[in-house]
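These notes concern the structure reproduced below.
One is the number of the first residue; the rest follow in order along the sequence. In what follows, every heavy atom counts, from backbone to side chain, and hydrogens, waters and symmetry copies are set aside.
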Amino acid sequence: TRWWNLLSWRDAAAWQQLGEQYLALGYFPEAEACLRQALTWDRHQADAAFRHAFALERLGRIDEAIAGYEEALRRGHKRRADIHYSIGKNHLRAERREAAQAAFQAAGDLAAARYELALLAAEAGQGEQARTLAEQLAQEHPQAYHPAALLHRLAVWQNDRAAAGRWADAFEAR
């Protein structure tokens, strides 16, 4: 007898457990199906909604993933900033910059979302705003890799050789 035959298939927790195992192993279609089934048995489960959205994201089903993350928010998932960040990343994949920016702003003080906001500012030609955001991140997270990389990139784009050299050294040190 296989272990999954021992599970109750009318139990949301069993479907969620199987879905999470598939998710951990990288079997995203199977994970998505199991987590979708878990949600049909328990419509209040925020964590299953979050993991289902993640499986959809891995499958490249961007708009469904965004809807799934929004559902996890409606269900009261505690990792709200992370969910807004994931929504923003998916909007970027769909090349919806304004929606991505709104999602990253909704993520609040999450460092990864603030970094994405700095990148969006840089891409929009708002070099000073991007520099300010990146410098704040670099000060708050001195061992982080990304703020130094972004500041180096900004300095190169602005033809500031001295700053580019300083940030290249900081980038290498990280």
Side-chain angles (χ1 to χ4, degrees), residues 20 23-24 26 28-29 31-32 35 39 45-174:
E20 289 174 358
L23 200 60
F28 301 119
E32 185 278 327
L35 291 164
L39 292 172
Q45 179 53 267
D47 197 46
F50 175 76
R51 293 176 197 278
H52 181 244
F54 181 78
L56 289 166
E57 179 181 334
R58 297 294 98 201
L59 293 171
R61 294 162 56 183
I62 294 171
D63 290 328
E64 291 174 77
I66 291 169
Y69 285 125
E70 290 169 346
E71 181 62 25
L73 287 172
R74 280 191 293 280
R75 292 175 186 223
H77 199 283
K78 294 182 191 318
R79 294 176 54 190
R80 300 185 72 75
D82 293 326
I83 291 173
H84 284 294
Y85 173 78
S86 294
I87 290 170
K89 290 298 281 186
N90 279 290
H91 278 303
L92 282 181
R93 289 180 183 104
E95 298 184 13
R96 296 186 290 249
R97 302 262 186 258
E98 289 178 17
Q101 184 173 4
F104 292 138
Q105 288 170 340
D109 203 34
L110 185 70
R114 292 171 50 211
Y115 175 76
E116 293 296 335
L117 287 170
L119 274 178
L120 287 171
E123 290 173 3
Q126 301 166 341
E128 285 308 310
Q129 181 182 357
R131 180 183 304 279
T132 300
L133 291 169
E135 286 176 351
Q136 288 171 351
L137 280 171
Q139 288 173 359
E140 293 171 26
H141 306 280
Q143 298 304 312
Y145 166 85
H146 293 298
L150 176 58
L151 287 165
H152 174 260
R153 220 180 311 174
L154 283 170
V156 169
W157 290 340
Q158 295 173 340
N159 292 321
D160 185 346
R161 296 179 77 106
R166 270 193 323 276
W167 286 112
D169 291 342
F171 173 75
E172 270 188 35
R174 285 165 181 78

Residue pair Arg114 / Gly108: nearest heavy atoms and the distance that separates them: CG-O, 3.9 Å
Under 3.5 Å donor-acceptor, Arg75 side chain and Gln45 backbone: yes
Minimum heavy-atom distance Ala53-Gly68, with the two atoms named: CB-C, 3.5 Å
Spacing of CG belonging to Leu73 relative to NZ belonging to Lys78, to within rounding of 0.5 Å: 13.5 Å
Closest contact, heavy atoms only, Leu39 versus Ala48: CD2-CB, 3.7 Å
Value rounded to 0.5 Å, distance of CD in Gln126 from CG in Leu133: 9.5 Å
Side chain to side chain contact (heavy atoms under 4.5 Å, CB included) evaluation trace for Glu98 with His91: CA-CA 9 Å; Glu98 289 178 17; His91 278 303; over 6 Å; no
Full working for side chain to side chain contact (heavy atoms under 4.5 Å, CB included) between Ile62 and Glu57: CA-CA 6 Å; Ile62 294 171; Glu57 179 181 334; over 6 Å; no
Verdict with supporting geometry, Glu20 and Asp47, side chain to side chain contact (heavy atoms under 4.5 Å, CB included): CA-CA 10 Å; Glu20 289 174 358; Asp47 197 46; 3.8 Å; yes
Distance-minimising heavy-atom pair for Ala155 and Ala164: CB-N, 3.4 Å
Phe104 and His84: CA distance, side-chain angles, deciding distance, side chain to side chain contact (heavy atoms under 4.5 Å, CB included) verdict: CA-CA 6 Å; Phe104 292 138; His84 284 294; over 6 Å; no
Over 12 non-hydrogen atoms of neighbours within 6.0 angstrom of CZ in Arg74: yes
Heavy-atom closest contact (Ala107 atom, Tyr85 atom, distance): CB-N, 4.2 Å
Residue pair Arg96 / Ile66, side-chain heavy-atom distance below 4.5 Å: yes
Side chain to side chain, Glu123 and Arg97, heavy atoms closer than 4.5 Å: yes
Closest heavy-atom pair and its distance - Ala31, Leu23: CB-N, 3.6 Å
